[in-house]
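Here the structure is a predicted model, which is why all the values come from computation and not from measurement.
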Amino acid sequence: MTVCVAVCVHDGIVFASDSATSLVGTDGNGNAIVERVYQYGNKIFNLDKRLPIVAMTAGLGALGNAPIHSLAKDFRRLLVAGKYEIDPEKYALSDVVDKARDFLFEDKYKAAPAITGNHALQFWVGGYSAESDVHELYRINIENGVCPAPEVLCNGGRCDLFWGGQPDAINRLVIGWDDTLVESLKVAGVSDADMPGLLAMIKSRTAAHLLHPGMPMQDAIELSNFLVETTKGFVRFLPGADTVGGETDIAVVTRHERFKWIKRKHYYSRKLNKLETDHV
């Protein structure tokens, strides 16, 4: 479980996520329970060190015995030389996304031991095509064994705010309500036919407009950090396991500076590994 945020402004894209990784099991009645939560998961990746491309994951933390962060590095290697190799001077980001979908679903998910019960994996990819000066953002969704074509979240340089994982805190803050409102309205007798129009009306009056397309990159970074930290605090004080937590990782892609780490945890000391960089 996690929270992940993408902030798209004219200057580029910010990806931010927490670091909590939850291990889910079942109780004696077959109900899903969180058995353990680790605080040092990696959920943001540079998909190609040559290029302005960033990726982020939520949902399943592994396919078989392979963690998603390890698979992301495998895919990065194949983009340079291998089955999914791209030309860094001519690539289209949409092609990279299609290759990522094939790698994760066709090559890895289908070959892994079958996963029982409801499950989902999101893999977000954002950045710039080789000859483009506007950003794009896509999301690959694998849910219960089905993986449709990648979802286009924004292209043509559209500016917007996106989030995934455990969305309740951000939904309440930005939209003004979460799914508990939907369930309450159903109990109150609102029909399925009337629900979309009613929710749209409520959102028009309750939404908080936190994003401006012309926001400088530093402000976009601080907004993404605020939304992740708010979710971490929200989950911390709810009953149950702290399934959002750990350090916040943040990365940015822009047309000129390309990929940059803003905040990045390490399990090793940089003082003892002087030649290492923010490599994930």
Separation between [atom1] of [X] and [atom2] of [Y], rounded to the nearest 0.5 Å:
X    : Y    : atom1 : atom2 : value
T231 : L173 : OG1   : CG    : 8.5 Å
C8   : N155 : SG    : CG    : 10.5 Å
Y109 : R101 : OH    : CZ    : 12.0 Å
E151 : Y138 : CD    : OH    : 12.0 Å
L161 : M215 : CG    : CE    : 9.0 Å
K232 : F237 : NZ    : CZ    : 13.0 Å

Count I, L, V, M, F, W, Y as connected when their side-chain heavy atoms are under 4.5 Å apart, and connections chain through other members. Are [X] and [Y] then in the same cluster?
X    : Y    : result
I68  : L79  : yes
L210 : V5   : yes
V146 : L60  : no
V14  : W124 : no
Y91  : L78  : yes

Backbone of [Y] reached by a side-chain donor or acceptor of [X] within 3.5 Å:
X    : Y    : answer
Q39  : G246 : yes
H256 : T254 : no
H212 : G214 : yes
S129 : E131 : no
S224 : A16  : no
T230 : F226 : yes
S191 : D194 : yes
R139 : V125 : no
K186 : M195 : no
D11  : P216 : no

More than 12 heavy atoms of other groups within 6.0 Å of [X] [atom1]:
X    : atom1 : result
N118 : CG    : no
D87  : CG    : yes
K203 : NZ    : no
R158 : CZ    : yes

Do the side-chain N and O atoms of [X] and [Y] include a donor-acceptor pair separated by under 3.5 angstrom?
X    : Y    : result
E183 : T180 : no
T243 : Q166 : yes
E229 : T248 : yes
S19  : K43  : no
W163 : N171 : yes
Y84  : D95  : no
S17  : D249 : no

To check you understand the geometry: which heavy-atom pair defines the closest contact between [X] and [Y], and what is its length?
X    : Y    : result
A241 : V235 : O-CG1, 4.1 Å
A220 : V7   : CB-CG1, 3.9 Å
H135 : C154 : CD2-SG, 4.1 Å
A20  : D242 : CB-O, 4.4 Å
F259 : L51  : CB-O, 4.2 Å
L137 : F15  : CD1-CZ, 3.5 Å

Worksheet item: Run the side-chain contact (heavy atoms from CB on, under 4.5 Å) check on L199 and L181 step by step: do they pass?
Response: CA-CA 9 Å; L199 292 177; L181 174 64; 4.3 Å; yes

Is the closest basic N to carboxylate O distance between [X] and [Y] below 4.0 Å?
X    : Y    : result
E247 : R264 : no
K108 : D74  : no
D102 : K83  : no

Are the side chains of [Y] and [X] in contact, using a 4.5 Å heavy-atom criterion?
X    : Y    : result
V244 : T2   : no
K110 : L63  : no
I53  : V253 : no
T206 : W177 : yes
Q122 : T57  : no

Item to complete: Verify side-chain contact (heavy atoms from CB on, under 4.5 Å) between F45 and V54, making sure each step is shown before the conclusion.
Response: CA-CA 6 Å; F45 324 104; V54 61; over 6 Å; no

Worksheet entry | Member of L121, L104, N141, I140 meeting the side-chain contact (heavy atoms from CB on, under 4.5 Å) criterion with C147 | I140

Item to complete: Dump the intermediate steps for side-chain contact (heavy atoms from CB on, under 4.5 Å) on W261 and I250, then the final yes or no.
Response: CA-CA 6 Å; W261 282 110; I250 303 175; over 6 Å; no

Item to complete: Walk me through it: do I170 and V3 pass the test side-chain contact (heavy atoms from CB on, under 4.5 Å)?
Response: CA-CA 9 Å; I170 300 178; V3 61; 3.9 Å; yes

